[in-house]
Structures are given as structure tokens and as C-alpha cells.
A.B. asks: 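The structure that follows is given in the form of C-alpha cells.
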Amino acid sequence: LLQHGKVKEGVSLYEEYLSIFTDADDRSEVSLLLAAKYTRELHNETRALALLNEYSSSFSQKHKSLAATLLHELSHDTIS
């Protein structure tokens with residue numbers, strides 16, 4: 001869905017995934033993808049920040065870099 005421009009529908013499915021599969025190994029990656037979509041396309045700062053805060057401790061170093069970029073984008077949007 002996300003690849004076909006159906007961002008809201010895709011995000012909804014990934015949110016459902018996080019709520020159902022609470023022990024899945026890829027939850028941090030899914031949450032980071034969601035945070036990026038909320039930040040860059042859906043402009044939902046509140047949900048993006050909640051995901052980044054909740055899952056930040058489980059991000060890999062590479063993912064921490066992207067999370068920091070998203071946080072910077074969110075803080076920049078807040079100031080603008």
C-alpha cells in the first residue's frame with residue numbers, strides 16, 4: 001500500500017501490526033517507518049514523537065541516525 005501511494009491505509013495496517021504482534025522482532029523497524037511517514041507525509045507530530053520515544057531504545061545505530069534526523073525535522077517544523 002505504501003509503495004502505491006496509499007499512505008494512510010498502509011500506516012493503518014502497520015499500526016495494527018504493532019498492536020497485534022507485540023513480540024515481533026521487527027517492531028522497532030516498523031515503528032521507525034511509521035514515524036517517518038507521520039513526520040514527512042501525514043504531518044502528525046504527536047504520533048511520530050510517541051513512536052520515536054517508545055521504540056528509541058531498540059533502534060540499531062543506523063536507525064538511531066534516522067530517528068535523530070526525524071526529530072530534527074519535527075523540531076524544525078515546530079519552530080517554522
Side-chain angles (χ1 to χ4, degrees):
L1 291 172
L2 294 176
Q3 293 176 351
H4 297 288
K6 297 185 179 199
V7 177
K8 288 182 182 179
E9 295 89 344
V11 163
S12 178
L13 285 175
Y14 277 118
E15 287 281 5
E16 189 173 342
Y17 176 87
L18 288 179
S19 68
I20 293 172
F21 298 101
T22 57
D23 293 331
D25 291 337
D26 62 350
R27 288 173 54 80
S28 64
E29 290 90 351
V30 170
S31 68
L32 189 58
L33 171 67
L34 284 170
K37 293 299 179 186
Y38 283 124
T39 300
R40 296 178 174 168
E41 296 184 45
L42 298 176
H43 309 288
N44 184 338
E45 175 184 337
T46 302
R47 184 62 182 142
L49 287 171
L51 287 163
L52 291 170
N53 288 330
E54 182 175 350
Y55 292 96
S56 63
S57 65
S58 59
F59 291 156
S60 68
Q61 193 57 41
K62 179 180 175 182
H63 290 147
K64 285 180 183 181
S65 177
L66 176 55
T69 299
L70 293 172
L71 286 170
H72 176 76
E73 291 174 18
L74 289 166
S75 67
H76 179 71
D77 285 347
T78 303
I79 296 170
S80 301

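Just so you know, residue 1 is the first one in the sequence shown, and it goes up from there.
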A.B. asks: Measuring from L71:CG to N53:CG, what's the distance to the nearest 0.5 Å?
C.D. replies: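 Those atoms lie 7.5 Å apart.
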
A.B. asks: Roughly how far, to the nearest 0.5 Å, is OG of S12 from OH of Y14?
C.D. replies: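 Output value for this atom pair is 12.5 Å.
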
A.B. asks: Can you list the steps and then say if V11 with N44 is a side-chain contact (heavy atoms from CB on, under 4.5 Å)?
C.D. replies: CA-CA 12 Å; V11 163; N44 184 338; over 6 Å; no

A.B. asks: What distance separates L42 CG from K37 NZ, expressed to the nearest 0.5 Å?
C.D. replies: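 Going from CG on L42 over to NZ on K37, the span is 8.5 Å.
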
A.B. asks: To check you understand the geometry: which heavy-atom pair defines the closest contact between K64 and F59, and what is its length?
C.D. replies: CE-O, 3.2 Å

A.B. asks: At what distance, to the nearest 0.5 angstrom, does CZ of R47 lie from CG of L52?
C.D. replies: 10.0 Å

A.B. asks: Pairs of donor and acceptor atoms involving the side chains of residues 22-32, under 3.5 Å and at least two apart or interchain, shall be tabulated with distances.
C.D. replies:
{"residue": "D26", "atom": "OD1", "partner": "Y17", "partner atom": "OH", "Å": "2.5"}
{"residue": "D26", "atom": "OD2", "partner": "Y17", "partner atom": "OH", "Å": "3.3"}
{"residue": "R27", "atom": "NE", "partner": "T22", "partner atom": "O", "Å": "3.4"}
{"residue": "R27", "atom": "NH1", "partner": "L18", "partner atom": "O", "Å": "2.3"}
{"residue": "R27", "atom": "NH1", "partner": "F21", "partner atom": "O", "Å": "3.3"}
{"residue": "R27", "atom": "NH2", "partner": "Y55", "partner atom": "OH", "Å": "2.5"}
{"residue": "S31", "atom": "OG", "partner": "R27", "partner atom": "O", "Å": "3.3"}
{"residue": "S31", "atom": "OG", "partner": "S28", "partner atom": "O", "Å": "2.7"}

A.B. asks: What are the two closest non-hydrogen atoms of L51 and A35, and how far apart are they?
C.D. replies: CD1-N, 3.9 Å

A.B. asks: To the nearest 0.5 Å, how far apart are CD in E73 and CG in L66?
C.D. replies: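 Here the interatomic distance stands at 8.0 Å.
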
A.B. asks: To the nearest 0.5 Å, how far apart are OG1 in T69 and NE2 in H63?
C.D. replies: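 It is 12.0 Å, given to the nearest 0.5 Å.
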
